[in-house]
Amino acid sequence: MKCVDDFRLQLGKHELVPIVIGGMGVDISTAQLALEAARLGGVGHISDAMVPTVTDRRFNTKFVKNKLAQYKFNVENPDKSVVRFDLGMLEEATRLHVGNTMQQKQGSGLVFINCMEKLTMNAPKETLRVRMRAALDAGIDGITLAAGLHLGSFALIEDHPRFHDVKLGIIVSSLRALQLFLKKNSRCGRMPDYVVVEGPLAGGHLGFGMDWAEYDLASIFTEIRDWLRAEQLDIPLIPAGGIFTGSDAAGFLEAGAGAVQVATRFTVARECGLPEKVQQEYFKSSEEDIEVNQLSPTGYPMRMIKHCPAIGDSIRPNCEAYGYLLDAKGGCSYIDAYHKAHAENPGQRRVPVWEKTCLCTHMRNFDCWTCGHYAYRLKDTTHLRGDGSYQLLSAEHVFLDYQHSKDNKIALPRREECLMAG
């Protein structure tokens, strides 16, 4: 049986270990996590989700505080159309986040940034353009376009000097989505360098409806692979979602994948941005604790741990400070759900909102515990400590286990490390 290390991903002049760590937003995929992947010869993602919030945390900037001060007069107003991001500030935040990361990069691997189309920010095209161009200016190796079809995204940067140099990829969950993108994008004269094929067992937002369980990654991957071959298009495919062991990954590589994208097992790495108390909740979760719901204001189904603090909370919309999901008219379905709940419960100060959740605030506070389907298996990848908690792993350990393991085995960390950590 082959292992992942028997294969390599060729992206232009780069020959890479075919392991891509997915872009988990709001600094869950930290720079440190992405840099470890690059050091080990693979690909790591940082995310541009809520990048002003991330740079405030990383560099002690005051982007969120200053935005709130500017729009504080509007806090009680359900109409958020006036709340706008300063594009210069957004550019500066992205340059800080990306530039500092790229300055630290070592090894033969690459660092990409995950850009979410659904971060509409009350100016969808303008804010996406700034985020992408600033990342290019700051030296990012690649951009993965996520959370949307991105039919016009390449055009936003086609006049940039690095347009033909940087690696550009998209995430799709169906052949139809890929076909639509390639047709729309053909006028740019630029094919994607890779395509991430995300199946229904992925974490966070899903590219499916609530019928997600009727689909499977292997079938979607095979359909897209066969179509690309028939069209004589040589674009590396990177399956993602539910690839939990090195053997899972090797099976896709033997079937023709260029690489695999993985994330769930890295949520419990020390380099991950989740606080340890949240990581312990991931370890403790059972299969029954994980659900796909429709709480996200993006309109996509979302997989998460169902006892997380974000569900049924009564947080007031914090769009004046955040506002990352405001559409082009300043709307967000959480704002609607919040005011509907209060209208149905007059006179009550704190009213639970069950219909939607405020992703901005809860992602900022690490209260929205999105996860992959197999998060309940994380406890099987490490040791239980004497105090009932679980040992955290290193990103290097998880990466090398994917790279070298066989026979569906998962290498546990050395027990003496567990004793030291405890």
Notebook entry, point to check: Between E158 and R187, is a salt bridge (charged side-chain N to carboxylate O under 4.0 Å, His left out) present by the stated rule, with each step listed?
Noted result: CA-CA 10 Å; E158 62 182 336; R187 72 170 191 82; 3.5 Å; yes
Item checked: Full working for side-chain hydrogen bond (donor to acceptor under 3.5 Å, both in side chains) between D216 and S219 -> CA-CA 6 Å; D216 70 275; S219 297; 2.8 Å; yes
Note to self: If you apply the rule salt bridge (charged side-chain N to carboxylate O under 4.0 Å, His left out), what do you find for E36 with R39, and how did you get there?
What the structure shows: CA-CA 5 Å; E36 276 294 273; R39 181 182 68 83; 2.8 Å; yes
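Counting only heavy atoms from C-beta outward, the side chains of H205 and T370 never approach each other to under 4.5 Å. Counting heavy atoms from C-beta outward, V20 and H45 have side chains that approach closer than 4.5 Å. Looking at L128 and L156, their side chains come closer than 4.5 Å, going by heavy atoms from C-beta outward. Side-chain contact between T127 and T120 is absent, with no heavy atoms from C-beta onward closer than 4.5 Å. At a threshold of 4.5 Å between non-hydrogen side-chain atoms, the residues Q261 and I19 do not count as touching. Side-chain contact between S296 and L359: present, with at least one pair of heavy atoms (C-beta onward) separated by less than 4.5 Å. You'll find the side chain of T94 stays beyond 4.5 Å of the side chain of D137, heavy atoms only. At a threshold of 4.5 Å between non-hydrogen side-chain atoms, the residues V111 and T101 count as touching.
Screening I46, I143, L168, V43 against F112 for a side-chain contact (heavy atoms from CB on, under 4.5 Å) leaves a single residue, V43. Only one option out of L233, V197, L228 pairs with L178 in a side-chain contact (heavy atoms from CB on, under 4.5 Å); it is L228.
With 3.5 Å as the limit, one finds no donor-acceptor pair spanning the side chains of D27 and T30. Under the 3.5 Å distance criterion, with hydrogens and angles disregarded, a donor-acceptor pair is assigned to the side chains of T361 and N318. Under 3.5 Å, the side chains of N408 and T245 contain a donor-acceptor pair of N or O atoms. Using modelled atom types, one finds no donor on one side chain facing an acceptor on the other under 3.5 Å when comparing D48 with H97. For the residue pair S153/H150, the side-chain donor-acceptor check at 3.5 Å is satisfied. No hydrogens or angles considered: nothing links the side chains of Y338 and S314 as a donor-acceptor pair under 3.5 Å. Between the side chains of T144 and Y194, at least one donor N or O lies within less than 3.5 Å of an accepting N or O. The closest side-chain donor-acceptor pair between S333 and D336, if any, does not fall under 3.5 angstrom. A donor and an acceptor atom, one from each side chain of S286 and D289, are located under 3.5 Å apart. Remark: the N185 side chain and the R190 side chain contain no N/O donor-acceptor pair separated by less than 3.5 Å.
Atom OG in S394 sits 9.0 Å away from atom CZ in F266 (nearest 0.5 Å). Here R162 contributes atom CZ and R133 contributes atom CZ; the two are 12.5 Å apart, rounded to the nearest 0.5 Å. The line from CG of L295 to SG of C308 is 8.0 Å long, rounded to the nearest 0.5 Å. Between atom CZ of residue R225 and atom CD1 of residue I220 there is a gap of 13.5 Å, rounded to the nearest 0.5 Å. Distance check: C368 SG to M302 CE gives 4.5 Å after rounding to the nearest 0.5 Å. Atom NE2 in H383 sits 9.0 Å away from atom CG in L393 (nearest 0.5 Å).
The aromatic rings of F154 and F163 sit perpendicular, their planes meeting at an angle over 60°, well past the 30° parallel limit.
K306 places a side-chain N or O within 3.5 Å of a backbone atom of E288 that can act as its donor or acceptor partner. With hydrogens and angles disregarded, a donor-acceptor distance shorter than 3.5 Å links the side chain of Q279 to the backbone of A269. Remark: the backbone N or O of T264 is paired with a side-chain donor or acceptor of T267 at under 3.5 angstrom. Here the side chain of D193 pairs no donor or acceptor atom with the backbone of G169 at under 3.5 angstrom. Remark: side-chain polar atoms of D86 are paired, donor with acceptor, to backbone N or O of M89 under 3.5 angstrom. Listed for the E271 side chain is a donor-acceptor partner under 3.5 Å among the backbone atoms of A395. In this structure, N365 contributes its side chain and D367 its backbone to no donor-acceptor pair below 3.5 Å. Between the side chain of T382 and the backbone N or O of Q391, at least one donor-acceptor pair lies under 3.5 Å. Here the side chain of R129 pairs no donor or acceptor atom with the backbone of P124 at under 3.5 angstrom. Between the H14 side chain and the L16 main chain, no donor and acceptor come within less than 3.5 Å of each other.
Nearest heavy atoms, E198 versus S173: O-OG, 2.9 Å. In this structure, P18 and F7 approach most closely via the heavy-atom pair CD-O, 3.3 Å. Residues Y374 and G242 approach most closely at CE1-O, 3.5 Å, considering heavy atoms. Of all non-hydrogen atoms in Q10 and P236, the two that sit nearest each other are O-CG, 4.3 Å. In plain terms, the two heavy atoms of L325 and C360 that are nearest each other are N-SG, 4.0 Å. What you find for G330 and N122 is that their closest heavy atoms are N-OD1, 3.3 Å.
Sparse packing is recorded around CG of D234, with 12 or fewer heavy atoms of other residues, nucleotides or ligands lying under 6.0 Å away. The environment of NZ in K184 is sparse: at most 12 heavy-atom neighbours from other residues, nucleotides or ligands sit within 6.0 Å.
Sequence neighbours left out, the pairs with a member in residues 291-311 that pass ring-ring contact (aromatic ring centres under 6.0 Å, His included) are H307-W369.
With respect to the salt-bridge test (charged N to carboxylate O, under 4.0 angstrom), the residues K118 and D327 do not qualify. Contact check on R131 versus E91 returns no salt bridge, with no Lys/Arg side-chain nitrogen under 4.0 Å from an Asp/Glu carboxylate oxygen. Using a 4.0 Å cut-off between charged side-chain N and carboxylate O, R377 and D380 make no salt bridge. Ion pair K409/D401 not flagged as a salt bridge, since none of the NZ, NE, NH1 or NH2 atoms sits closer than 4.0 Å to an Asp/Glu carboxylate oxygen. Under a 4.0 Å N-O distance rule, the pair K340/E355 qualifies as a salt bridge. E320 and K80 are joined by a salt bridge, as a carboxylate oxygen and a charged side-chain nitrogen come within less than 4.0 angstrom of each other.
Annotation: cation-pi geometry not satisfied between R364 and Y322 (NZ/CZ under 6.0 angstrom from ring centroid, within 45° of ring axis). Within the cation-pi definition used here (under 6.0 Å to the ring centroid, within 45° of the axis), R385 does not qualify as a partner of Y390.
Checked against ring-ring contact (aromatic ring centres under 6.0 Å, His included), F221 has the following partners two or more places apart in sequence or in another chain: F252. R8 meets the side chain to side chain donor-acceptor pair (under 3.5 Å) test with D5; sequence neighbours excluded.
A distance of 6.0 Å or more separates the ring centres of Y376 and Y282.
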